[in-house]
Amino acid sequence: MTGKVRADVRAPSGFEMDVEALEVLQRVPDETPFPIQLKEAGVDFLMEHRHLWLRTPRQSAILRVRATIMRAAAQYFDDNGFVRTDPPILTPNACEGTSELFEMDYFDDDKAYLTQSGQLYVEATALALGKVYSFGPTFRAEKSKTRRHLTEFWMVEPEMAFAGLPELLELAENYLSFIVAEVLKKHLGDLKVIGRDVTKLEGIQAPFPRLSYEDAHAMLVDAHAKGLIETLHKDGDDFGSPDETYLSNQFDRPVMVHRYPAAFKAFYMQPDPEDPTKALCVDVLAPEGYGEIIGGSERVADYDLLKSRIEEHGLPLAAFQWYLDLRKYGSVQHCGFGMGIERVVAWICGLDHVRETIPFARTLNRIYP
RNA sequence: UCCUGAGUAGCUCAAUGGCAGAGCAUUCGGCUGUUAACCGAAGGGUUGUAGGUUCGAGUCCUACCUCAGGAGCCA
């Protein structure tokens with residue numbers, strides 16, 4: 001359509017266009033009308049028509065916000081001395097275990113796996129370049145059917161040499177604050193279309209609350225005594241989803257839970273020198289029940305300790321030889337975290353499910369379209 | 001893998017064990033300052049699949065399939 005735009009108080013937008021010419025580019029047959037109505041529809045139907053669902057105002061708005069989040073997620077690091085070093089997507093071994101990987105044949109005799117994290121590789125580039133990050137798709141073959149899980153999702157992973165947990169916490173809170181600010185700067189209109197309460201985002205500014213595992217445990221015991229959560233948290237156990245939801249709901253900005261028991265954490269996490277049963281790690285829990293959006297830690301820098309950790313976890317030493325080399329030839333303190341883009345988009349947009357945060361979500365039961 | 005719930009018209013949903021319906025969409029007619037319009041009419045069904053109980057099953061029973069979101073695990 002072409003024509004002249006004029007102001008008109010009767011129009012909701014304040015403007016009307018007087019059409020002077022109209023050309024039909026394509027006529028959709030009446031018998032097969034456009035399948036998506038601006039009415040309520042079921043999840044299965046909408047996902048089956050994801051390629052057309054994208055044309056609705058709300059879905060378009062979400063993808064515009066996602067694009068800004070992805071740009072901001074890279075820009076912050078680019079502007080702060082980090083070098084982008086993307087790790088391989090095809091990997092020879094698991095990062096932390098082998099149970100949840102997508103496996104494929106790699107030519108004649110070998111197996112390859114789709115990466116579930118680039119972390120081990122960015123440790124290598126960090127020890128070469130200082131401050132680095134990676135940003136790309138990752139894959140988990142977990143049979144998780146929840147509003148927070150995709151089998152294919154995008155992760156951004158910074159890694160810093162000569163830095164430890166305190167620096168990592170600062171990085172995380174400044175990083176998230178920057179991303180939220182960028183979205184608020186550019187997408188108030190889109191957030192309105194999405195129906196997001198932006199007052200919840202305006203307060204997302206560093207510093208973020210810090211909560212030790214011990215203090216978090218105490219809060220959960222207290223909450224259970226008051227009947228606010230069903231199951232009693234046992235000291236020394238990991239937090240369950242309901243625990244994390246409760247904890248995050250006690251704060252109006254992301255809460256950084258640190259120093260979990262090393263017993264149930266990954267083999268590469270550095271023990272706390274003040275209490276070696278704890279790991280120098282952090283989970284950042286988003287507000288409003290959106291769960292863990294960042295997980296990170298200081299890494300084991302010592303060769304012998306790392307080697308014994310690998311053995312304790314029953315992992316094949318041969319596969320980690322190169323990773324051990326990083327400790328053999330000039331090892332220094334280093335740390336990093338991984339942030340799941342889709343969970344951040346879901347949180348910032350206030351969505352019910354991460355499947356709306358990515359153009360074509362891959363989930364346990366769907367790989368079409 | 002486990003738990004819970006749901007499968008009825010293109011979509012969203014009704015229907016005490018007793019004639020399978022409504023709104024939206026589609027078609028036709030009317031109306032209209034509309035923007036998820038409004039008024040009238042029409043067409044549209046193997047009630048997820050396979051068995052079973054019953055005079056009679058969308059409804060009750062069994063198995064299976066599909067989907068949902070929760071647990072576990074994770075970002």
Side-chain angles (χ1 to χ4, degrees), chain A residues 6 8-19 28-49 52-53 56-58 69 73 94-101 115-119 134-158 172 176 193 229-231 237-245 248 254 260 264-266 281-286 289-297 336-347 352-355 357-358 362-366 368:
Chain A
R6 60 176 166 78
D8 191 323
V9 291
R10 289 174 298 185
S13 65
F15 295 93
E16 292 285 8
M17 183 169 81
D18 293 321
V19 178
V28 176
D30 292 326
E31 313 82 62
T32 55
F34 190 71
I36 311 287
Q37 299 181 48
L38 290 177
K39 305 264 186 189
E40 284 183 22
V43 169
D44 194 36
F45 174 79
L46 290 173
M47 288 307 287
E48 195 73 12
H49 296 83
L52 301 176
W53 187 25
T56 59
R58 179 183 154 88
I69 288 172
C95 177
E96 300 168 33
T98 53
S99 59
E100 39 191 51
L101 293 170
T115 181
Q116 62 173 359
S117 166
Q119 183 204 310
S134 71
F135 197 175
T138 49
F139 308 85
R140 307 258 168 110
E142 289 164 355
K143 298 201 168 172
S144 298
K145 265 190 299 190
T146 82
R147 67 186 67 210
R148 302 182 304 280
H149 288 87
L150 299 172
T151 55
E152 176 182 325
F153 65 98
W154 284 65
M155 190 150 67
V156 55
E157 296 176 279
L176 285 170
V193 168
I229 43 178
E230 215 172 292
T231 49
D237 280 1
D238 202 357
F239 301 130
S241 289
D243 297 328
E244 286 187 354
T245 300
S248 69
Y260 285 70
F264 58 76
K265 282 295 185 180
C281 63
V282 60
D283 281 359
V284 181
L285 309 179
Y290 279 94
E292 185 183 348
I293 50 174
I294 283 178
S297 72
F337 64 70
M339 184 181 85
I341 290 292
E342 285 73 20
R343 285 190 184 173
V344 172
V345 176
W347 162 50
D352 290 338
H353 198 296
V354 288
R355 65 176 153 244
T357 65
I358 186 168
R362 297 287 90 124
T363 55
L364 180 57
N365 290 314
R366 180 174 298 284
Y368 174 93

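Letters go in sequence order (proteins before strands), and every chain restarts at 1. Reckoned from all heavy atoms, side chains included, excluding hydrogens, waters and symmetry mates.
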Atom CD of A/Glu292 and atom P of B/A75 are separated, to the nearest Å, by 5 Å
Notebook entry, point to check: Base, sugar-phosphate alone, or nothing: which one does A/Glu40 contact when heavy atoms must sit under 4.0 Å apart?
Noted result: sugar-phosphate
Discussion item. Using only modelled atom types and a 3.5 angstrom limit, is any donor from either the side chain of A/Ser144 or the base of B/G72 paired with an acceptor on the other?
Written reply: yes
### Task
Taking the side chain as every heavy atom from C-beta outward, state whether A/Gln119 and A/Thr138 have any atom pair closer than 4.5 Å.
no
Rounding to an integer number of angstrom, what distance separates B/C3 and B/U62 when you compare their P atoms? 15 Å
Does OP1 or OP2 of B/G72 have a side-chain N or O of A/Ser241 closer than 4.0 Å? yes
Under 4.0 angstrom, heavy atoms only, what part of the nucleic acid is A/Leu150 near: base, sugar-phosphate, or nothing?
-> base
When rounded to whole Å, the CG to P distance for the pair A/Asp243 and B/C74 reads 14 Å
Paired to B/U26 by Watson-Crick or G-U wobble criteria (both distances under 3.5 Å) is B/A42
Any strand, both distances under 3.5 Å, Watson-Crick or G-U wobble: B/C13 pairs with B/G21
How far does the C1' atom of B/U4 sit from the matching atom of B/C11, given to the nearest Å? 26 Å
On a whole-Å scale, what distance lies between the P atoms belonging to B/C61 and B/A6? 12 Å
Please verify the inter-ring angle class for A/Phe45 with A/His49; under 30° counts as parallel, over 60° as perpendicular, anything in between as tilted. tilted
query: Using the P atom in both, what is the distance from B/U34 to B/G21, to the nearest Å?
result: 35 Å
Q. Just by modelled atom types, is the A/Thr146 backbone N or O under 3.5 Å from a matching donor or acceptor in the A/Ser144 side chain?
A. no
(Q) Could you tell me if the side chain of A/Ile358 sits less than 4.5 Å from the side chain of A/Phe153, heavy atoms only? (A) no
| task | Indicate, with a heavy-atom threshold strictly under 4.0 Å, whether A/Glu142 touches base, sugar-phosphate, or nothing. | result | base
Checklist entry - Counting any heavy atom closer than 4.0 Å, what does A/Gly291 reach on the DNA or RNA strands: base, sugar-phosphate only, or nothing? => result nothing
B/G51 and B/A14: how far apart are their C1' atoms, nearest whole angstrom? 28 Å
The answer to which of A/Ile293 and A/Arg355 contacts RNA chain B further toward the 5' end, by nearest nucleotide, is A/Arg355
- Query: Taking the C1' atom of each, how far is B/G45 from B/G58, in whole Å?
  - Reply: 11 Å
Exactly one candidate in A/Val354, A/Leu150, A/Ile294 meets side chain to side chain contact (heavy atoms under 4.5 Å, CB included) with A/Arg343; the answer is A/Val354
Any strand, both distances under 3.5 Å, Watson-Crick or G-U wobble: B/U66 pairs with B/A6
Nearest-Å distance once atom C1' is located in both B/C67 and B/A75 = 25 Å
Counting the atoms with a prime plus P, OP1 and OP2 as sugar-phosphate, which does A/His353 contact under 4.0 Å by heavy atoms, base, sugar-phosphate, or nothing? sugar-phosphate
### Query
So do A/Val43 and A/Arg355 actually touch side chain to side chain, heavy atoms under 4.5 Å?
yes
Worksheet item: Counting just side-chain N and O atoms, does A/Lys39 come under 4.0 Å of either OP1 or OP2 of B/C11?
Response: no
Just to be sure I understand the rule, does A/Asp238 reach a base, reach only the sugar-phosphate, or reach nothing, if contact means heavy atoms closer than 4.0 Å? sugar-phosphate
Which part of the nucleic acid does A/Pro33 contact within heavy-atom distance under 4.0 Å: base, sugar-phosphate only, or nothing?
-> sugar-phosphate
To the nearest angstrom, the CE-C1' distance between A/Met155 and B/A75 comes to 6 Å
Ranking B/U12, B/A36, B/G72 by distance to the side chain of A/Leu38, first place goes to B/A36
- Query: Heavy atoms under 4.0 Å, any strand shown: does A/Glu244 hit a base, just sugar-phosphate, or nothing?
  - Reply: base
Side-chain atoms of A/Val43 come closest, of B/U12, B/U1, B/A68, to B/A68
B/G72 -> Watson-Crick or G-U wobble partner, both distances under 3.5 Å, gives none
**OP:** For B/G48 and B/U8, measure between their C1' atoms and round to the nearest Å.
**Re:** 10 Å
Discussion item. Using a heavy-atom cut-off of 4.0 Å across all strands, would you classify A/Phe45 as base, sugar-phosphate, or nothing?
Written reply: sugar-phosphate
5'-most contact on RNA chain B (nearest-nucleotide basis), A/Gly338 vs A/Asn365, goes to A/Asn365
To the nearest angstrom, the CD-C1' distance between A/Gln37 and B/A25 comes to 5 Å
Across the strands shown, which category fits A/Arg148 at heavy-atom distances under 4.0 angstrom: base, sugar-phosphate, nothing? base
Between NZ of A/Lys145 and P of B/C67 the distance, given in whole Å, is 8 Å
Within the structure shown, what part of the strands sits under 4.0 Å from A/Thr138 by heavy-atom distance: base, sugar-phosphate, or nothing? nothing
Requested in this report: Taking the side chain as every heavy atom from C-beta outward, state whether A/Leu176 and A/Met339 have any atom pair closer than 4.5 Å.
Outcome: yes
**Prompt:** Does A/Arg362 use its side chain to pair, donor to acceptor, with the backbone of A/Thr151 at less than 3.5 Å?
**Reply:** no
